[in-house]
Asks: 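Please read through the structure below; I'll follow up with questions.
All chains are named by letter (A, B, ...) in the order of the sequence lines, taking the proteins before the strands, and each is independently numbered beginning at 1. This is a predicted model, so every value here is computed, not measured.
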Number of protein chains: 2
Amino acid sequence: MTTTEDHAPSARAVTIQDVARLAGVSTATVSRALALPDRVTEATREAVLSAIRETGYTPNAAARSLRAKSTRMVLVLLPGIGNSFFTPVLNALEEVFSDQGYGVLVGYTRQSRRRETHYARVIRAGQVDGVLVVTGNVPRDEEFVAVPDQVPISLIFAGIPGGARFSVFDVDNRAAAATMVGHMIAAGHRRIAHITGPDNSIETNERFAGYCDALAAAGIALDESLVWRGAGNFDFASGDRAAARYFALEDRPTAVFAAADEIALGFIRSLKTGGVSVPRDVSVGGFDDTEYAIHYDPALTTMRQPRTEMGRLAAEDLLRRMSEKGASTPPTHVRLPCELVIRESIRQI
Amino acid sequence: MTTTEDHAPSARAVTIQDVARLAGVSTATVSRALALPDRVTEATREAVLSAIRETGYTPNAAARSLRAKSTRMVLVLLPGIGNSFFTPVLNALEEVFSDQGYGVLVGYTRQSRRRETHYARVIRAGQVDGVLVVTGNVPRDEEFVAVPDQVPISLIFAGIPGGARFSVFDVDNRAAAATMVGHMIAAGHRRIAHITGPDNSIETNERFAGYCDALAAAGIALDESLVWRGAGNFDFASGDRAAARYFALEDRPTAVFAAADEIALGFIRSLKTGGVSVPRDVSVGGFDDTEYAIHYDPALTTMRQPRTEMGRLAAEDLLRRMSEKGASTPPTHVRLPCELVIRESIRQI
DNA sequence: ACAGTAGATGTAATCGATTACAAGAATTCG
DNA sequence: CGAATTCTTGTAATCGATTACATCTACTGT
């Protein structure tokens, strides 16, 4: 009856007051003993620390944020689809941020205005000290226009057109795509198809441009019947649909550049089901080098994006920009190198 | 020079005071107009709302949390490895939590004590209203023992031994494994190997027990040379290593039950490289039904765990338990059904 | 020995909301 | 019509930390 200790949420958490009382000092001293250890006597620090140990005190986050105007949290906005691609990024982000004592709030925008507005509000409520938008899908919401001045924002994978207010960490999608298609051409391919990504994405446009560049450089005319657009997302289903396009063609390509690994994998799978073998009958190149690319059969030749490193660098940059109040580090644009990873899915002809 | 508006972080955010002043009411009324709209006149509500619109006011989260003793945030703890398995779970969690206005803080424990301690501190700092531990890896940290009384905690995928204080959402791993192995036996297999998961995990033990059950039920003696333990994690590499065990064997099994899809895929891939074909030469069954299972070649026969649904249910339960202060809903244990998904990787002999 | 300075600590204001309590206005009812 | 009740609103305390400012003590150098 008297045992309150078991499931009593009413056991009132211990506050700085309790610690101060026990240590026989003021709350100011407790606060200082924690934040600026050099500013208190060895003896008092000891007393405070021991009081803290005894009471099991943990400073209240809300109170601290309210006064210090910093929450030590960042918001990571993800599109919410094609997630396994983003997994290493999120992993890297969490690692760096939590190491520095920052919490990572994740938000999936799912390309829904409602959710974007929701997260804009989170930012405006001062709930985070910084924002990382993963993928070019920067919320177009009006709510967002005021936001960049409140906290630093960084973009990973694709910069937004008119924004020098953001740090950007991306790769040269156009050049990378051109390299891939150039590799196919060097292997003797002339009839090369391209499965594009989702219509409205920057990556899609850039990679398509790179595809065109490489063809042009080799003096190959662009054949619109080999550009398989509007495939949907960077996912298996897009590859499936593209396979239908392939089978419907009389004059089939000898190589296909898919705008993403998952598209490539879906495509290859559907081809197999239809009795077409990769790379025997047709070569396929992907983009991203997700963890499945190397384990697939055939192992996928693809462009590696350094996702983990992008995450790490972006996190470190954001950390820097968050720490310096006022005279802040200016936003940067870091373009990371891609790497052509040659495996089994493209063959010489 | 006078344009402070551009990159001025000093543009002091608008507070409830500003709104109150503009609307000609007290801050209490503004607060009520927002939280309990029925408790103010239509007219004042209008005035307040219009003042809010005009100023672009968003309530400060820290201040609100401090006073209301609720942060509307939950912590989701993930192991931090084998992430694509957890992706749908995290997705489901984010969906239902953000729909209810809760933020999702992710933490990867990476089986490191330091990180567990870190997140225990986050909880104790009152930074979250609830916790979801994904996977049985409940932090063994002493810091954690005090925590469950502070906020409700739920477990997904595996319950912790002595904890009736947590809600648990899992599947009957043992029965599911037995079903899979039973399926192999029904297909005529007698020599069946098992690639286990990581040594210390509950799932590993349960699935192994199910494997034993099925063998026993069929009167097949357990052959220790067919139990491939200590494979590491639920990942490709474990499958690779298991393939070496397979090749090293004289009397090879005709079927292999892998404790996870990724293990199965890694295993199959290594087998292929060694010239062994699945399911022609050996049948393979997986566990989980991750998104790659169906797209692989051969499409993997596996036990489907309803990951999305588990996430959703767990989130809803936690939401319920968080909302009711004091007379709280008791923790539940929900055991969800698995489903044997028959594809191509197991063949009749 | 004494003014001046540096160092340690305490007092109290503050951050921006929510909410208990009080007071005034409007409504209901006998 | 007056008392009782309900509705609306305002005043001010409060949540738990941080920190500017004040105070007091203990040195330093001349």
Asks: Between CG of A:Asp129 and OG of A:Ser65, what distance do you get to the nearest 0.5 Å?
Replies: 8.0 Å
Asks: Reckon A:Thr15 has a side-chain N or O less than 4.0 Å from the OP1 or OP2 of D:dG16?
Replies: no
Asks: With rounding to the nearest 0.5 angstrom, report the CD to CZ distance, B:Gln127 to A:Arg64.
Replies: 9.0 Å
Asks: Atom CZ of B:Arg124 to atom P of D:dA17: distance rounded to whole Å?
Replies: 12 Å
Asks: Would you indicate what B:Val30 reaches in the nucleic acid, counting non-hydrogen atoms under 4.0 angstrom: base, sugar-phosphate, or nothing?
Replies: nothing
Asks: Can you find a pair of side-chain heavy atoms, one from A:Val134 and one from A:Val76, that are under 4.5 Å apart?
Replies: yes
Asks: Considering only side-chain heavy atoms of A:Arg64, which listed nucleotide, D:dG10, D:dG16, D:dT18, is closest?
Replies: D:dT18
Asks: Taking only the side-chain heavy atoms of B:Ala28 (C-beta and beyond), determine which of C:dT18, C:dA17, D:dG10 contains the nearest atom.
Replies: D:dG10
Asks: Measure the CZ-OG1 distance between B:Arg21 and B:Thr27 for me, rounded to the nearest 0.5 Å.
Replies: 11.0 Å
Asks: When the axes are fitted on five pairs at both termini, how much does the helix from C:dA1-D:dT30 to C:dG30-D:dC1 curve, in 10° steps?
Replies: 30°
Asks: Return the value, rounded to whole Å, for the distance between atom CD1 of A:Ile16 and atom P of D:dT19.
Replies: 11 Å
Asks: Nearest whole angstrom, please: distance from the P of D:dT8 to the CZ of B:Arg45.
Replies: 10 Å
Asks: In this structure, how many angstroms lie between the P atom of D:dT14 and the CD atom of A:Gln17, rounded?
Replies: 12 Å
Asks: Using a 4.0 Å heavy-atom cut-off, does A:Ser65 contact any base of the nucleic acid, only the sugar-phosphate backbone, or nothing at all?
Replies: nothing
Asks: Rounding to a whole Å, what distance do you find between B:Arg32:CZ and D:dT11:P?
Replies: 11 Å
Asks: Quick check on D:dT19: is either OP1 or OP2 less than 4.0 Å from any side-chain nitrogen or oxygen of A:Ser31?
Replies: no
Asks: Over how many whole Å does the gap from A:Gln127 atom CD to C:dG16 atom P extend?
Replies: 16 Å
Asks: Between C:dA17, D:dA12, C:dG10, which one does the side chain of B:Thr27 approach most closely?
Replies: D:dA12
Asks: Measuring from atom CD of A:Glu46 to atom CD of A:Glu42, what distance do you get when rounded to the nearest 0.5 angstrom?
Replies: 5.5 Å
Asks: Tell me: CZ of A:Arg21 to P of D:dG16, nearest whole Å?
Replies: 12 Å
Asks: Can you tell me how far P of C:dA13 sits from CG of A:Leu66, to the nearest Å?
Replies: 17 Å
Asks: Does A:Lys69 make a side-chain N or O approach to OP1 or OP2 of C:dG16 shorter than 4.0 Å?
Replies: yes
Asks: Once you round to the nearest 0.5 Å, how far does OG1 of B:Thr58 lie from CD1 of B:Ile52?
Replies: 9.0 Å
Asks: Using the side-chain heavy atoms of B:Thr29, tell me which of these nucleotides is nearest: C:dG10, D:dT9, C:dA17.
Replies: D:dT9
Asks: Looking only at side-chain N and O atoms, does B:Tyr57 come under 4.0 Å of OP1 or OP2 in C:dG16?
Replies: no
Asks: Please find out if less than 6.0 Å separates the ring center of A:Tyr108 from that of A:Phe86.
Replies: no
Asks: Any side-chain heavy-atom pair from B:Tyr57 and A:Arg124 closer than 4.5 angstrom?
Replies: no
Asks: Is any N or O donor-acceptor pair between the side chain of A:Arg67 and the base of C:dG16 shorter than 3.5 Å?
Replies: no
Asks: For A:Arg115, enumerate each residue passing the salt bridge (charged side-chain N to carboxylate O under 4.0 Å, His left out) test, keeping only those at least two apart in sequence or located in another chain.
Replies: B:Glu94, B:Glu95, B:Asp99
Asks: Check whether any side-chain heavy atom of A:Ser154 lies under 4.5 Å from a side-chain heavy atom of A:Val131, and answer yes or no.
Replies: no
Asks: Short of 4.0 Å, heavy atom to strand atom, which residues of residues 36-43 of chain B count as contacting DNA chain C?
Replies: none
